[in-house]
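The structure appears right after this line, and notes come after that.
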Number of protein chains: 2
Amino acid sequence: MNDPTRESPLTTPQPPPRRATITDVAREAGTGKTSISRYLNGETSVLSAELRARIEAAIARLDYQPNQMARGLKRGRNRLIGMLLADLTNPYTVEVLQGVEAACHALGLMPLICHAANEVEMERRYLQLLTTYRVEGVIVNALGVREETLRPVGGGGIPAVLVDRSVDGLVADMVGLDNRAAAELGTRHLLEQGFDDIWFVVQPFEQVSSRQLREVAFRDAMRAQSAARGHTLVLDLADAADVERGLAKLDRAIDAAGGDGDAAKATGAANTANTANTANTANTTNAAPAANPCHPTPSSRIALFAANAPVALRLALHLKARYGADWQARVALLSIDDPDWAELAGITTIRQPTYDIGYRAVEFLHERIEGVQTTARDCLLPGELIVRASTSR
Amino acid sequence: MNDPTRESPLTTPQPPPRRATITDVAREAGTGKTSISRYLNGETSVLSAELRARIEAAIARLDYQPNQMARGLKRGRNRLIGMLLADLTNPYTVEVLQGVEAACHALGLMPLICHAANEVEMERRYLQLLTTYRVEGVIVNALGVREETLRPVGGGGIPAVLVDRSVDGLVADMVGLDNRAAAELGTRHLLEQGFDDIWFVVQPFEQVSSRQLREVAFRDAMRAQSAARGHTLVLDLADAADVERGLAKLDRAIDAAGGDGDAAKATGAANTANTANTANTANTTNAAPAANPCHPTPSSRIALFAANAPVALRLALHLKARYGADWQARVALLSIDDPDWAELAGITTIRQPTYDIGYRAVEFLHERIEGVQTTARDCLLPGELIVRASTSR
DNA sequence: CTGTTAGCGCTTTCAG
DNA sequence: CTGAAAGCGCTAACAG
């Protein structure tokens, strides 16, 4: 059932054909390898028109294509760069990739894309593998690298530029969102819209600098507006039980904030949903409003600020399950990252200049590969607030 | 503004350090290169324990890592395979990629991922580039390849396996969704739910076999149920004007199908939305119900069947814009592909076994690389219907 | 302008 | 068991 393999008509077997080599071409053109090499490398001015023509013909006749590996071996550079991705599942990553590809294309580089799938161990292995292929540099959307194989600016190892996140103790070029400004932008927007009870929801900080920066900036921005209350909720999306617990906490806050009187119905829904999952359900049950001194005025307006798209999606799914299709009437949601479904769901977002981030990263790396010796650079690009229904009425 | 580049403290310049070579290791271990090579290749039984120990030590001391390029050059195989992707923006692609990566990992292959971004020209270039790097095989999620560089089973060129779509006149292994079964599954579901006016919406067929297969299967399935009417709408997502036109057509059908009496309001909304765009607006204006003989009974129940996720998203966005948040009360929507937002939007889907598709593709390719000579295989995996609110009530 | 000669880092006969 | 030598396909001096 997992392998409905069918057969279709056969063709005659045939050994893998040997590709023509530079020697073949030389023979075919009645000349030496050197001339071929020169032709290949565009030292065109140094070749008689006649010879050039013969070479051209020979190449065409043999359908010759120079072997990059061999060239790389000799030259010491193979035009390969590594692109280490933490999570391809995050639309952010794919978008950055587009920029990376465009830049590589423009600079004659070939990106070797590696997907660590959020596993530090994979990341380590891939980094290892990349050096084994002698990539000339790496762009790292790091998970938890503390690698010696990477080259701090001016140090040994292989040139690296960081994307989105910096790595503790690794002095390297880095390009990403201006997290502080972005978080401020979002917070201010929420405040301006009159929300006075804001929850910043973020994945475990771990080594991920951007998460930390966003959270700190959020807290700072909240402090400015003393009338409003700010909270931080850490949600480990990889841990169902933890998510459960966190969402329950959120539910309590939302219920406490009050709103239209159908709290009873909502609570009922939550119970059905939760019982199916973990033992933590107990926590969730007492979702009655105002039971907690932390959430005083039943009239406060509550908003959720997701640190990135994966978090936002998780939140939206939960809210919809708990409060129904009309959940946005109950809670506001704003997210950093602007996934394609944000428009459909009508969620306010802060869009990152993803393409530019990727493009810039490659440019930096290219410079380093070419030997640029400047001090480490940080390129912080601004995010753009896209207001949608979820935070405005 | 596009380059807020900042500087940070400097470290002492330093030339890119030479990596240790096999010769270095040999010297360090006081032996010949041959033994090192043997050690590297696990011909462990042929080495005295003593020598092996010395080699181990030397390798560790020098932090030696064999150069894959050089090995590849000598051996004639570099463990690289190409992965040619039509559109990374499509979640389907990313999911397939996960399977590919897992399989590569398991088989000791390294995937070179290339993104053609829906441009046939890019595809051609990348294919060229891949052969230049002497990849041992390619997995192709084709756009419009008619390449001679690819090896038809039993022919010359480089071994290839197709994913999702077959290529005209290229006899090769292929793995993908069982499109016929999937389209039938969807159509039958819609029919069972009582929809009797079904629109299959698909991107231009071009070379993409899966689109064709799905559409044909849809028509066949509709024919079985003579009471219902089936239509096919081709929507070129890359062409705004074409999309406009297609959606207008859809709007007319939907309005004709009738439903709750707020057609006036809906039409108004459509006009506002459209005028901003193209000259084609004229078509859209006369959205009055029953103006068209094709859509007779105002009481018919209409459903949209999207051929894939990108189409579904486009449709959903439009419907929401035109009929408001409650659009699902007006039209049913079902889609092949199960993107993450489907759950949030409550859209019924047919989920493809993407991971398995990717995994299987690599397995096929690996077999070909290892010289398997069987006739071309088709591996058609079944889709799974996931019923959500959009088609049930 | 053009060809000869060494290797790049590694594997692989083929003799010790 | 171990090592010397000959290349893999290509580039880069270094002569002609």
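Source: prediction; values computed, not measured. Naming: A, B, ... by sequence-line order, numbering from 1 per chain.
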**Asked** At under 4.0 Å, does any side-chain N or O of A/Ser48 touch on OP1 or OP2 of C/dC1?
**Response** no

**Asked** How close or far is atom P of C/dG3 from atom CZ of A/Arg27, stated in whole angstroms?
**Response** 15 Å

**Asked** So does A/Arg77 pair up with A/Glu370, basic N to acidic O under 4.0 Å?
**Response** yes

**Request:** Kindly give the heavy-atom pair with the smallest separation between B/Thr132 and A/Gln68, and that separation in Å.
**Result:** CG2-CG, 2.8 Å

**Separation of D/dG3 P from B/Tyr39 OH (nearest whole Å)** = 16 Å

**Complete:** CZ of A/Arg54 to OH of A/Tyr39, rounded to nearest 0.5 Å, is 13.5 Å

**Asked** Just how far, in rounded Å, is P of D/dC10 from OH of B/Tyr133?
**Response** 14 Å

Name the pairs: protein N/O against N/O of nucleotides 9-11 of chain C, kept only if under 3.5 Å.
| from | atom 1 | to | atom 2 | distance (Å) |
| --- | --- | --- | --- | --- |
| C/dC10 | OP1 | B/Tyr64 | OH | 2.5 |
| C/dC10 | OP1 | B/Asn67 | N | 2.8 |
| C/dC10 | OP2 | B/Ile22 | N | 2.3 |
| C/dC10 | OP2 | B/Tyr64 | OH | 3.3 |
| C/dC10 | N4 | B/Lys33 | NZ | 2.4 |
| C/dT11 | OP1 | B/Arg71 | NE | 2.5 |
| C/dT11 | OP1 | B/Arg71 | NH2 | 3.0 |
| C/dT11 | OP2 | B/Ser37 | OG | 3.0 |

**SB check A/Arg52 A/Glu56 (cutoff 4.0 Å)** = no

**Item:** Shortest non-hydrogen contact between A/Tyr64 and A/Ala20, atoms and distance
**Value:** CD1-O, 3.3 Å

**Complete:** Correct closest heavy-atom pair for B/Met110 and A/Leu130 would be CE-CD2, 3.9 Å

